[in-house]
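Lettering follows sequence order; numbering is per chain, from 1.
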Protein chains: 2
Amino acid sequence: MVHIPKPPSAASPVQRSVPTSADVARLAGVSRATVSYVLNNTSAVRISEPTRRRVHAAAKELGYVPHAAARSLRAGHSRMVLMPAPAIPMGPLYGQFITDLQWALSRLDYTVVQYGTAGLRSDEAARAWAELRPVAVLVPGAELGPEGVAVLKRAGARAVVTFGPERVEGAHALLMDHHAVGHCAGRHLHARGRRRIGVIVPEEAGLETYSRPRLEGVRQALHGTDAEVTGLSLGYTEQSAAELAARWPELGIDAVFAYNDEYAMLIMRALQDEGLRIPEDTAVLGADDLMLGRLLRPRLSTIHIDLPSGRDLAELVDRLVRDPGAATETHRMLGAAVVQRDSS
Amino acid sequence: MVHIPKPPSAASPVQRSVPTSADVARLAGVSRATVSYVLNNTSAVRISEPTRRRVHAAAKELGYVPHAAARSLRAGHSRMVLMPAPAIPMGPLYGQFITDLQWALSRLDYTVVQYGTAGLRSDEAARAWAELRPVAVLVPGAELGPEGVAVLKRAGARAVVTFGPERVEGAHALLMDHHAVGHCAGRHLHARGRRRIGVIVPEEAGLETYSRPRLEGVRQALHGTDAEVTGLSLGYTEQSAAELAARWPELGIDAVFAYNDEYAMLIMRALQDEGLRIPEDTAVLGADDLMLGRLLRPRLSTIHIDLPSGRDLAELVDRLVRDPGAATETHRMLGAAVVQRDSS
């Protein structure tokens, strides 16, 4: 660990004075209203070109930038789209999706703010978000309840959109139904002749919203067949994987759906270290279709998860913001398809 | 790709009225000032317990939450720490660091806002950040210049802190000197008897701020020895890796420092597919010490990178905010140490 030295004492704070629009008005010899019209590009008021130039020059000289909060107070709403930062670590697939979405929203002139609310309970978090007066809120996972939705709407949010495995009353829903991922996995392993199917359930906190429906999806796909499904708890450590692999003979499992590609890499290595042949003794199936699966030997079979494009989603948010009185909408957002390689 | 259907037309917007502190005052039968004192927990003014209760009850009934922007306008500053979201994809090591830092700052009662500025040039970005009137700005990478620092300070930011490989004039610097990572790699490979050392330089945009000093660090470590250092351009695709591996015999390289563990996994697989033995024919060294390196065969040697704890860094930010007049500080933040496994 790198340590940062602390000085013995801190000097008393020195407050600089921040230039205001009144300072700009004084220097340019115009009214504060004129400064506001010019710097906010108001088209409703005609202002001569020399005046415009004088205001811009004065703002530049003083280093004045408008105050977003003051502007949104005047306008009654902001262009801020709030996206709470997820409280659980998200994989590279989801990270890319968020980056694309942010880009597309900023192209539509929204300001995307990601707000960390680590440690707040759901209703406290919604109040903290509401204080920022966002025009739209995009909440991943299961971090918002119906009360929170109501708080946000009363605070002026024109669109509250959840994306995750379940609908939340009062909010638009981008349903990411992870049952479909499990269903797809179950059908594939059954079609490959496997009958004793293990499903990895990560021990890491926060992942159960995804792992539970995936496990249920496998069960549903195999319901009424001669296959047997077993949930297998696994922590993301080599030791946990070695312990699970050591129990393999008693478990009598011939295929494992490993939650995602990273857990698949972990359990496949532990099974190989136990002397098991993949896929002859046990088939291994991941999910997310990451690069690393193609680099493993045998190459990892996986479930490719199809997310909507950031652009489509940004356009949806924009449409919902323009029509805050419309009924809540539900869109199914997740496609799932097997990518068969050599491990299954 | 999952597509979101667009309805043929959108109804006209319906604007709900947002409850204000005036509504709360009216319902509670008190002044707006009293509402403000109660809801902002002002200790300077004595307010009777029954009045307090009446205000809280009225706020709850109306669903009123204070407006953070209005509060920060009154206070003249916010508790907002702005962290621009990095424009380039960051690995899991950095992601965990950011999560820890956010957590620690929120424990010190700061609100951490991550703000995506995809597509803005450096000086535009600084102006956009300044409009939010953050009390502190933490900027990763090379996304801010001296002009931007000045804009932020004039807009009231009490601490502007950059973290990355270089200092920026006027800002505090958390120097993450990636020369040290390369230096450590070069020394290790030389000590293992390697003399023709390749250094992977990722082709992906934005990584050159990290890859360039790492390459230079290897060169510095081996300056004046009999070893030869060659930069090797590599894209993060199997094809790029296969093409590079096919050139291995003409390159005559006996060790490769692969930028990080993920590129190391990619090039090691391609070299193995070409029939090369690791480490006998070519040593492979990664960086970041990720789990995946321990799961590869041979187990991947790596450079462990030591970042400061989120808590230490949060305390530093808090101290700088309390002392805005102090001279700019520079802290070196990166420790580097070899973790030798079986690939080198």
In chain order, what residues pass the side-chain contact (heavy atoms from CB on, under 4.5 Å) check against A:Ala136, with sequence neighbours excluded?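 Partners of A:Ala136 under the side-chain contact (heavy atoms from CB on, under 4.5 Å) test: A:Val81, A:Ala159, A:Val317, A:Val321.
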The criterion is side-chain contact (heavy atoms from CB on, under 4.5 Å); which residues satisfy it with B:Ala155, sequence neighbours excluded?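 Testing B:Ala155 for side-chain contact (heavy atoms from CB on, under 4.5 Å), a comparison that skips the adjacent residues, returns A:Val65, B:Ala130, B:Arg133.
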Within the supplied structure, the quantity of interest is the number of heavy atoms (other residues, nucleotides, ligands) at a distance under 6.0 Å from A:Arg341 CZ; does it exceed 12?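 Yes, CZ of A:Arg341 has more than 12 neighbouring heavy atoms, counting only those of other groups under 6.0 Å.
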Can you tell me which portion of A:Leu105 sits under 4.5 Å from chain B's heavy atoms? Options are side chain, backbone, both or neither.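 When you check distances to chain B, no heavy atom of A:Leu105 falls under 4.5 Å.
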Looking at every non-hydrogen atom in both residues, tell me the closest pair between A:Gly63 and B:Arg154 and how far apart they are. CA-NE, 3.0 Å
In residues 266-273 of chain A, which residues are in contact with chain B at a heavy-atom separation under 4.5 Å?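 Against chain B, the residues of residues 266-273 of chain A that fall inside the cut-off (heavy atoms, under 4.5 Å) are A:Leu266, A:Arg269, A:Asp273.
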Pairing residues for A:Glu204 by the salt bridge (Lys or Arg N to Asp or Glu O under 4.0 Å) criterion, not counting sequence neighbours: none
Side chains of B:Arg294 and A:Thr237: does their closest heavy-atom pair fall under 4.5 Å?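 SC-SC contact between B:Arg294 and A:Thr237 ruled out.
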What residue in B:Met265, B:Glu238, B:Arg297 has the most heavy-atom pairs under 4.5 Å with chain A?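 Option with the greatest count: B:Arg297.
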